[in-house]
Amino acid sequence: MAPLTARLWIRVFAAPALLAAATSTGLLAALLWGTAGQYVAWVTVGPPVAVVAWVWVRRRGEKTRPFPPAIQGK
């Protein structure tokens with residue numbers, strides 16, 4: 001069971017961990033590397049913003065209902 005749980009852990013946390021690492025790298029690059037760091041920051045801080053925008057647009061497009069339909073009993 002250990003390999004299965006390890007694979008599930010990676011599937012759940014890999015993308016957020018990569019986005020966090022890229023964002024941290026970009027923010028540090030902007031602070032420490034001057035002009036070149038600004039370009040690195042734009043490239044590395046942009047994807048999290050794009051992901052948030054993509055999820056927001058997808059969620060706005062879904063039709064949401066406050067409650068599921070009632071189940072009629074016999």
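For R58 and W56, the positive end is not near the middle of the six-membered ring at less than 6.0 Å and at most 45° from its axis.
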Under 3.5 Å donor-acceptor pairs involving side-chain atoms of residues 13-38, not counting sequence neighbours:
from : atom 1 : to  : atom 2 : distance (Å)
T23  : OG1    : L19 : O      : 2.7
S24  : OG     : A20 : O      : 2.9
T25  : OG1    : A21 : O      : 2.8

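Taken together through direct or relayed side-chain contacts under 4.5 Å among Ile, Leu, Val, Met, Phe, Trp and Tyr, W9 and V12 form part of one hydrophobic cluster.
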